[in-house]
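What follows is one structure encoded as structure tokens, with my remarks underneath.
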Amino acid sequence: MHAEDLSLALRLADIADEISMQHFRSQDLETWTKPDRTFVTAGDRAVELAIRDRLHSERPEDSVLGEEFGTEGSGARQWIIDPIDGTAHFMRGAPVWATLIALAVDDKPVVGVCSAPAFGQRWWASVGEGAWTNPGDPRRIRVSGTDTLEHAAFSYNAIQGWDGAGRLDQLIALQRRVWRARSYGDAWSYMLLAEGQIDAVAEFDLQPYDMAALVPIVQEAGGTFTAADGSEGPWHGSAVASNGLLHAELLAAMDG
């Protein structure tokens, strides 16, 4: 249904990878601090501008939402871009970052690509076509079958987000309850979930471009993706993703 859109998203990821790797671990990487005290680099800006330029050529009627340059256009179809998800890692030379590219139609993400060139990995999905990894020899991925939190591996990302959301006590209780809790970081946590290597992820203080590409990958791998209040989609400032079997139990535990 969205084969051409997915093909374009993968080509956009190729463009992004080439640019981002030119900046990664550069000795003269330019960085700036944004008003919200997060960071942006010359790599973030160059990647997003290149993606926007290609979208203007190939999908001129579509809207674009990106982290660095906001929203252009309007309509039912919107490309949602995080040029470098994990900028702090990128700045420090750690490989835990990725370019996130999504297409949402009527606010529903239908195509998602997560490309992590420093890891040499990429994941992608479109609605109805499954979730995949390993571009050279594509392999379909699937979430785990873990069915209780007590046996689950859980990624919570930043403790500050939970604290800011007033849910620090719930996080501590969850860490005591689950089999294993770690902060794997940013988009990688969701890809580990989609591959069945961990069982649940939750975090707060997010923007749509942090989540949109992750939604179809998790869902097409058989998982569930909502906000902390159970709302669907990447529009509500938080993310709770699981293998589906754990989702109701996880939401209840987070609600305290």
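A quick note: this is a predicted structure, and the numbers were derived from the prediction, not measured.
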Roughly how far, to the nearest 0.5 Å, is [atom2] of [Y] from [atom1] of [X]?
| X | Y | atom1 | atom2 | answer |
| --- | --- | --- | --- | --- |
| Gln207 | Glu67 | CD | CD | 8.0 Å |
| Met254 | Glu249 | CE | CD | 13.0 Å |
| Trp79 | Ile101 | CH2 | CD1 | 8.0 Å |
| Glu195 | Ile217 | CD | CD1 | 10.5 Å |
| Leu103 | Leu6 | CG | CG | 10.0 Å |
| Gln160 | Asp205 | CD | CG | 10.0 Å |

Original post:
Which hydrophobic side chains are connected to Leu245, either touching it within the sub-4.5 Å cutoff or through other members that do?
Top reply: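 None; Leu245 is a cluster of one.
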
Is any side-chain heavy atom of [X] closer than 4.5 Å to a side-chain heavy atom of [Y]?
| X | Y | answer |
| --- | --- | --- |
| Val113 | Leu12 | no |
| Leu250 | Phe154 | yes |
| Phe90 | His23 | yes |
| Asp210 | Pro234 | no |
| Tyr156 | Leu174 | no |
| Leu8 | Leu55 | yes |
| Arg45 | Pro83 | no |
| Leu214 | Met191 | yes |

Subject >> Side chains of Glu68 and Tyr209, donor plus acceptor under 3.5 Å >> reply: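 No, no side-chain donor-acceptor contact under 3.5 Å.
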
Subject >> His247 side chain to Ser242 side chain, donor-acceptor N/O pair below 3.5 angstrom >> reply: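 Yes, because at least one side-chain N or O of His247 sits under 3.5 Å from a partner of the opposite role on Ser242.
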
Subject >> Sole residue of Val218, Ile198, Leu100 in side chain to side chain contact (heavy atoms under 4.5 Å, CB included) with Tyr190 >> reply: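 Only one option passes, and that is Val218.
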
What is the minimum heavy-atom distance between [X] and [Y], and which atoms define it?
| X | Y | value |
| --- | --- | --- |
| Ala125 | Pro216 | CB-O, 3.5 Å |
| Ala227 | Leu251 | O-CD2, 3.8 Å |
| Phe24 | Gly93 | CZ-O, 3.3 Å |
| Ser238 | Ala228 | OG-N, 2.9 Å |
| Val96 | His89 | O-CD2, 3.1 Å |
| Met211 | Ala239 | SD-CB, 3.7 Å |

Going only through I, L, V, M, F, W and Y residues with side-chain contacts under 4.5 Å, is there a path from [X] to [Y]?
| X | Y | value |
| --- | --- | --- |
| Leu171 | Leu206 | no |
| Ile19 | Leu49 | no |
| Val240 | Val178 | yes |
| Val127 | Leu10 | yes |

**OP:** Please assess Ile51 against Thr99 for the test side-chain contact (heavy atoms from CB on, under 4.5 Å), listing each intermediate value before the final yes or no.
**Re:** CA-CA 11 Å; Ile51 291 174; Thr99 295; 4.2 Å; yes

Subject >> Residues in ring pair (Phe, Tyr, Trp, His ring centres under 6.0 Å) contact with Phe204, at least two apart in sequence or another chain >> reply: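 For Phe204, the residues satisfying ring pair (Phe, Tyr, Trp, His ring centres under 6.0 Å) (neighbours in sequence not counted) are Trp162.
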
Original post:
Which residues pass the ring pair (Phe, Tyr, Trp, His ring centres under 6.0 Å) test with Phe119, sequence neighbours left out?
Top reply: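 Trp188.
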
**OP:** Output all residues satisfying side-chain contact (heavy atoms from CB on, under 4.5 Å) with Gln219, sequence neighbours left out; order by chain, then residue number.
**Re:**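 Result, side-chain contact (heavy atoms from CB on, under 4.5 Å) vs Gln219: Val215, Phe225.
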
**OP:** Sorted by first residue and then second, give each salt bridge (Lys or Arg N to Asp or Glu O under 4.0 Å) pair with at least one member in residues 77-88; sequence neighbours left out.
**Re:**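 For residues 77-88: Asp5-Arg77, Asp62-Arg77.
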
Indicate yes or no for a side-chain donor-acceptor contact from [X] to the backbone of [Y] under 3.5 Å, with no hydrogens or angles considered.
| X | Y | value |
| --- | --- | --- |
| Glu150 | Arg177 | no |
| Ser189 | Val201 | no |
| Ser155 | Ser183 | no |
| Trp235 | Asp107 | yes |

Crowded around [X] [atom1]? As in, over 12 foreign heavy atoms under 6.0 Å?
| X | atom1 | answer |
| --- | --- | --- |
| Arg54 | CZ | no |
| His56 | NE2 | yes |
| Ile172 | CD1 | yes |

**OP:** Mind jotting down which residue pairs meet the side-chain hydrogen bond (donor to acceptor under 3.5 Å, both in side chains) criterion with at least one end in residues 6-21? Sequence neighbours excluded, please.
**Re:**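 For residues 6-21, and leaving out neighbouring residues, the side-chain hydrogen bond (donor to acceptor under 3.5 Å, both in side chains) pairs sorted by first residue read Ser7-Arg11, Arg11-Glu58, Asp14-Arg122, Asp17-Ser115, Asp17-Arg122.
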
